[in-house]
Amino acid sequence: VYLLLTTVIWFHTCGVTEQEILLECCEAWSCTTNSNFDPPWTSGTDPCSGWYGIVCDSSGQVTRVYTNSSGITGTIPAALGNLSNLEGLYLYQNSLAGTIPAALGHLSNLEGLGLYQNSLTGTIPAALGNLSNLEYLVLYQNSLTGTLPAVLGTLSNLETLDLSQNSITGTIPEVRGNYSTSATLDL
């Protein structure tokens, strides 16, 4: 009984697959009725077998999601923060609404986050400051408000930061780390 209970608890806390996470996104974005998702995301296939906008590494782990300019609507599911091998998340030029989930701050391998030209609202989550590998953060042309989290100044690998065409106020955080002269900042 103990082994069965432990197994059930493990499954509910740790056993969510990448496929299940992506299918949750598909449901949130109504991608099953979106002709841009070709080949479609379905429970009968592996995301690494050629799903639209999905890139996997040689070990079969999802590393990039490119559903930019795909006509998706809805919100960004917090479950995306559980794609532990994700290096790039590109959902720009769509009609996504709601807030940026703080759970994206769990994506420790993330190098690029492109959410620009959507209808996102709310503040920029301070949890994005956890993304120590982040090189590219582009959130322009949304309806984001509030101040720029000071913790973003600790992202020493950040080369491109574009928050223009939002309603961000306050001061630019002190920048720590080794920024190159080729870094891009657009506020």
Side-chain angles (χ1 to χ4, degrees), residues 18 21-22 24-26 28-29 31 36-37 41 47-48 50-72 74-120 122-142 144 148-149 151-166 168 172-173 175-187:
E18 291 181 330
I21 293 166
L22 292 170
E24 181 179 329
C25 294
C26 185
W29 301 334
C31 74
N36 290 318
F37 279 74
W41 297 7
C48 297
W51 279 15
Y52 168 78
I54 301 299
V55 176
C56 298
D57 63 16
S58 59
S59 65
Q61 302 295 308
V62 175
T63 57
R64 299 201 187 291
V65 176
Y66 291 102
T67 55
N68 51 290
S69 306
S70 300
I72 57 176
T75 60
I76 301 172
L80 279 171
N82 294 321
L83 291 176
S84 59
N85 295 298
L86 204 62
E87 297 170 359
L89 179 59
Y90 304 99
L91 308 177
Y92 58 86
Q93 295 175 333
N94 282 297
S95 297
L96 293 169
T99 60
I100 299 171
L104 296 184
H106 297 227
L107 298 171
S108 60
N109 293 312
L110 200 68
E111 297 171 356
L113 179 60
L115 304 177
Y116 59 90
Q117 292 181 330
N118 278 292
S119 297
L120 299 171
T123 60
I124 298 170
L128 296 186
N130 297 332
L131 304 175
S132 60
N133 292 314
L134 198 64
E135 298 172 3
Y136 175 89
L137 177 60
V138 181
L139 306 175
Y140 75 82
Q141 202 172 339
N142 279 290
L144 299 171
L148 189 60
V151 70
L152 293 184
T154 65
L155 297 176
S156 61
N157 290 314
L158 195 63
E159 295 177 6
T160 301
L161 175 63
D162 190 341
L163 307 174
S164 62
Q165 300 180 50
N166 283 291
I168 307 294
I172 299 171
V175 176
R176 296 183 202 127
N178 299 318
Y179 288 89
S180 70
T181 56
S182 62
T184 304
L185 175 65
D186 192 350
L187 304 173

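Computed over heavy atoms, backbone and side chain alike; hydrogens, waters and symmetry mates excluded.
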Under 3.5 Å, side chain of [X] to main-chain N/O of [Y], donor-acceptor pair present?
| X | Y | answer |
| --- | --- | --- |
| N142 | N118 | yes |
| W41 | W51 | no |
| T63 | N85 | no |

Original post:
Under 2.5 Å between the SG atoms of C26 and C31?
Top reply: yes
Quick one: closest heavy-atom pair of [X] and [Y], and the distance?
| X | Y | value |
| --- | --- | --- |
| G60 | C48 | O-SG, 3.3 Å |
| L134 | L137 | CD2-CB, 3.9 Å |
| A127 | A102 | CB-O, 3.4 Å |
| P125 | I100 | CG-O, 3.2 Å |

Calculate, to the nearest 0.5 Å, the distance between atoms [atom1] and [atom2] belonging to [X] and [Y] respectively.
| X | Y | atom1 | atom2 | value |
| --- | --- | --- | --- | --- |
| N130 | L107 | CG | CG | 10.5 Å |
| S95 | W29 | OG | CH2 | 13.0 Å |
| N109 | L83 | CG | CG | 11.0 Å |
| E135 | L110 | CD | CG | 10.0 Å |
| L144 | Q165 | CG | CD | 12.0 Å |

**OP:** Give the intermediate values and the outcome of side-chain contact (heavy atoms from CB on, under 4.5 Å) for residues E111 and R64.
**Re:** CA-CA 10 Å; E111 297 171 356; R64 299 201 187 291; 4.0 Å; yes
Output side-chain donor-acceptor pairs under 3.5 Å for residues 87-94, partner residues at least two apart or in another chain, one line each.
from: Y92; atom 1: OH; to: N68; atom 2: ND2; distance (Å): 3.2
from: Q93; atom 1: OE1; to: S69; atom 2: OG; distance (Å): 2.7
from: Q93; atom 1: NE2; to: Q117; atom 2: OE1; distance (Å): 2.7
from: N94; atom 1: OD1; to: S70; atom 2: N; distance (Å): 2.9
from: N94; atom 1: OD1; to: G71; atom 2: N; distance (Å): 2.9
from: N94; atom 1: OD1; to: I72; atom 2: N; distance (Å): 3.1
from: N94; atom 1: ND2; to: T67; atom 2: O; distance (Å): 2.8
from: N94; atom 1: ND2; to: L91; atom 2: O; distance (Å): 3.0
from: N94; atom 1: ND2; to: Y92; atom 2: O; distance (Å): 3.1

Subject >> Pair I124-L139, side-chain contact (heavy atoms from CB on, under 4.5 Å): steps then yes or no >> reply: CA-CA 9 Å; I124 298 170; L139 306 175; 4.0 Å; yes
Min side-chain heavy-atom separation [X]-[Y] under 4.5 Å:
| X | Y | answer |
| --- | --- | --- |
| L163 | L148 | yes |
| I54 | L22 | yes |
| V55 | V62 | no |
| Y136 | L113 | no |

